[in-house]
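One structure is given below, encoded as structure tokens.
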Amino acid sequence: MTQGVVQDKVSAALVGALRLAQQRGLLKLEQLPAVNLEAPKRPEWGDVSSTVAMSLSASERRPPFEIAQIIIDHIEQRDALFNRVEIARPGFLNLTVKRQLWMEVLHEIEAQGAGYGHSQIGQGHRVLVEYVSANPTGPLHVGHGRGAAVGQALVRLLKATGHEVVSEYYINDAGRQMKLLGVSVLARYMEFCGKTVSFPEDGYQGEYIRAVAARVKAENGEALLSLPPVEAEQRSREFAYRELLALIRQDLETFGIAFESWFSEASLLSSGGVDQVLSELKARDLLFDQDGAQWFRSSAFGDEKDRVVRKQEGDYTYLASDIAYHRDKLLRGFDMLVDVWGADHHGYIPRMQAVVQAYGYPKERLRVVLVQMVNLLRGGQKVEMSKRAGEFITLREVMDEVGADAAKFFFLMRDSSTHLDFDLELAKQQSQENPVYYVQYAHARIASLRRVAASRGIDCPLPSQADLDLLQDPDELALIRKLSAFPVVLQASAVELEPHRMAYYLRELAGMLHPFYNKHRILPPAPESEAAVASSTDPAACTSRQHEGVTPGLTAARLALMWSVQQVVRNGLNVLGVSAPEHM
RNA sequence: GCGCCCGUAGCUCAGUCGGAUAGAGCAUCAGCCUUCUAAGCUGAGGGUCGCUGGUUCGAUUCCAGCCGGGCGCACCA
């Protein structure tokens, strides 16, 4: 776990000081504390601070201020690392790191490149991330889109932190919903054939069902009418299933998402996997019969009540195959299962965790990421959707309107467990109000800058090729400090399974890049404008934007800094599955 | 009724081992384009962190109760 190249050094120095003080008998230190550093809110508090003295106060039974004093008295190479070391009120350790040390951040970015921010904290851990898993009974809607964006980001974040990850889509191709699909399509088919039929009460109402039925008719003519009803229904169901699953795959592909594994619920049933698992549970007395149904004793593992796995009429419930499915995941050797679910399923969590525990694993092995509803707006006005009437906005429509990148970024902007307002007008707007463009533009803007430099014959050096000593401005240092936080943000996003942290970070980084660009000249002024400035008789004309004295060396150093910012923006967008455009 | 989540600026939200004068974007208002992309930038106003207690040197953060909102409580998925 790294806190950043500079922070790691500072942290090590403080730990060293603690050890030294302990050897000299000044501190007891029953156990060496973790020295976590934070970025102080105010510049006068230095550029790194630590609360370690205050947290030691209780166990050392001394005022934090004294402990802080002891620590700073024992820092070796204090002058090599720090410009200023101060203690603030209760016992904050406020440190100002030597400017040269910060430049190592840029060297680190250069050395790691696309891997900057990545780590190996997940090494040796195998994770299965299951997401989307929408029933193949219709096109993906906006809610699925959010789940897809979150799931993909989690996969990327976990991979970037060294986890071995498999992404999987669980296809609910069995059970009641599939039956309803078949019945619905058949009913529409019969309508097309001129029959009057009463549409099934819980049938799927969407217009897409008619489209599927029309294709059934195009392929089969009226042949299904003469088949036994059960067979006609089955033919309709299988046809619709293939069509709709293909549609889902296409939508996901357009959204830029590919699964490494597709797992069929029906295959669990047909292979006898479900039967086998249930009889194993029965043998361990975790299953029992009551009221003509069969129950899983989930209450033995903290669920509020037991749950039916086989109904009175003999069919398995959804839970039955889910038990077998999660068992299968565990047997495949994953030591963490991540399930991305719609938030309306949250009541299902205790029962799945009961399943995990029934197999002898700690319930934490299953981590459920809940994805809340998306509120679609258009220019501030709510877009009404009624799933019942089959009127919902599809992911396809949203992608067609705002593009996959914007949609993804919006889906990831907020904590997934909170409701999301998604304004379609805003998402396709190409202005600062739109966070997607604001962040992507930071990347494109630097690309543009480099193109202009190249066209003028100015080299764009890497950090190691530039004289970074020339980066003396506080704004430059602030930017570098922000870049140094990237690995920490990435790790936290991955560990907490919260991609929105990365989205926020990128918004903040872009929010520093744009002002910097506006305030500081990077390339020397173009020859024409130089002439214009020289001919200006009004000195006030130049005060709003200072051209500063951009020497070739400073240009080179700033270009190297810009290169680093661009690399970090790209790495961050990449982990969210959003593209980093060169032109906009 | 029970359970889970949430309540932070006008709006949408960050703030996760408890730390300093609580942050950002949008909106509002006042400014900035002979320039490396104004797809941008500068500045201003705006807060009893739902309420009340408790723990603590210190609480937006932890605990309890209350108020308000969302969701769930199927032999549906």
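Naming: A, B, ... by sequence-line order, numbering from 1 per chain.
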Between A:Tyr438 and B:C41, does any side-chain N or O lie under 4.0 Å from OP1 or OP2? yes

So, is A:Lys519 close to the B:C41 phosphate, meaning a side-chain N or O under 4.0 Å from OP1 or OP2? no

[X], nearest nucleotide to its side chain (from [options]):
| X | options | answer |
| --- | --- | --- |
| A:Arg445 | B:G40, B:C75, B:C36 | B:G40 |
| A:Lys41 | B:U37, B:A39, B:A20 | B:A20 |
| A:His500 | B:C75, B:G15, B:U12 | B:G15 |
| A:Lys305 | B:A77, B:A20, B:A74 | B:A74 |
| A:Glu498 | B:C75, B:A20, B:G15 | B:G15 |
| A:Pro515 | B:C71, B:U42, B:C36 | B:U42 |
| A:Arg507 | B:G25, B:C41, B:A77 | B:G25 |
| A:Gln177 | B:A20, B:A77, B:A14 | B:A77 |
| A:Lys311 | B:A77, B:A14, B:A39 | B:A77 |
| A:Tyr441 | B:A77, B:A38, B:A20 | B:A38 |

Spacing of the [atom1] atoms in [M] and [N] (rounded, Å):
| N | M | atom1 | result |
| --- | --- | --- | --- |
| B:C63 | B:U16 | P | 14 Å |
| B:G65 | B:C71 | P | 24 Å |
| B:G43 | B:G7 | P | 30 Å |
| B:U42 | B:A38 | P | 13 Å |
| B:G18 | B:A59 | P | 13 Å |
| B:G46 | B:G19 | P | 26 Å |
| B:U28 | B:G70 | P | 30 Å |
| B:C51 | B:C57 | P | 25 Å |

Going 5' to 3' through nucleotides 4-11 of chain B and flagging B where a protein heavy-atom sits under 4.0 Å of the base, S where only the sugar-phosphate is that close, and - otherwise, we get B-------

Closest nucleotide of RNA chain B for A:Arg307 versus for A:Pro524: which of these residues is on the 5' side?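 Upstream on the strand: A:Pro524.
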
Please compare A:Glu304 and A:Ile522 by the position of their nearest nucleotide in RNA chain B and report the one closer to 5'.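 Mapping each residue to its closest nucleotide by heavy atoms, the 5'-most match is A:Ile522.
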
So what's the dot-bracket for RNA chain B: Watson-Crick or G-U pairs under 3.5 Å, [ ] if a pair crosses, | if it pairs off-strand? (((((.(..((((.........)))).(((((.......))))).....(((((.......)))))).)))))....

Partners of [X] by side-chain hydrogen bond (donor to acceptor under 3.5 Å, both in side chains), sequence neighbours excluded?
| X | value |
| --- | --- |
| A:Glu498 | A:Arg501 |
| A:Arg414 | A:Tyr504 |
| A:Asp306 | A:Ser299 |

Remember a base hit wins even if backbone is also touched, and classify [X] as base, sugar-phosphate or nothing at under 4.0 Å, heavy atoms.
| X | value |
| --- | --- |
| A:Arg310 | nothing |
| A:Ser57 | nothing |
| A:His345 | base |
| A:Asp315 | nothing |

Using atom [atom1] of [X] as one end and atom [atom2] of [N] as the other, report the distance to the nearest whole Å.
| X | N | atom1 | atom2 | answer |
| --- | --- | --- | --- | --- |
| A:Glu508 | B:C13 | CD | P | 17 Å |
| A:Gln294 | B:A74 | CD | P | 20 Å |
| A:Leu509 | B:A24 | CG | P | 16 Å |
| A:Arg414 | B:A14 | CZ | P | 7 Å |
| A:Met373 | B:U12 | CE | P | 14 Å |
| A:Lys179 | B:C75 | NZ | C1' | 13 Å |
| A:His514 | B:U42 | NE2 | C1' | 15 Å |
| A:Glu496 | B:G15 | CD | C1' | 13 Å |

[X] side-chain N/O to [Y] backbone N/O, donor-acceptor pair under 3.5 Å:
| X | Y | result |
| --- | --- | --- |
| A:Arg558 | A:Arg521 | yes |
| A:Tyr505 | A:Lys482 | yes |
| A:Asp339 | A:Glu130 | no |
| A:Glu60 | A:Leu29 | yes |
| A:Ser11 | A:Asp8 | no |
| A:Asp291 | A:Ala293 | no |

Tell me whether A:Lys363 at atom NZ has more than 12 heavy atoms from other residues, nucleotides or ligands lying less than 6.0 Å away. no

Verify the stacking flag for A:Tyr517 against B:G40: centroid separation must be under 5.5 angstrom and the ring planes must differ by under 30 degrees. no

Please indicate yes or no: is the ring centre of A:Phe92 less than 5.5 Å from the centre of the six-membered base ring of B:A20, with the two planes inclined by under 30 degrees? yes

Could one point to a donor on the side chain of A:Asn94 or the base of B:A20 with an acceptor on the other under 3.5 Å away?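 Check passes, donor-acceptor contact within cut-off.
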
Anti/syn call for B:C62, syn if |chi| within 90°: anti

Pair A:Lys329 + A:Glu168, salt bridge at N-O below 4.0 Å: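 No, no charged N to carboxylate O under 4.0 Å.
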
Enumerate, atom names and distances included, each donor-acceptor pair closer than 3.5 Å involving a side-chain atom of residues 175-183 of chain A, sequence neighbours excluded.
{"from": "A:Gln177", "atom 1": "OE1", "to": "A:Tyr204", "atom 2": "OH", "distance (Å)": "2.5"}

Answer yes if the ring centres of A:Trp45 and A:Phe92 are under 6.0 angstrom apart, and no otherwise. no

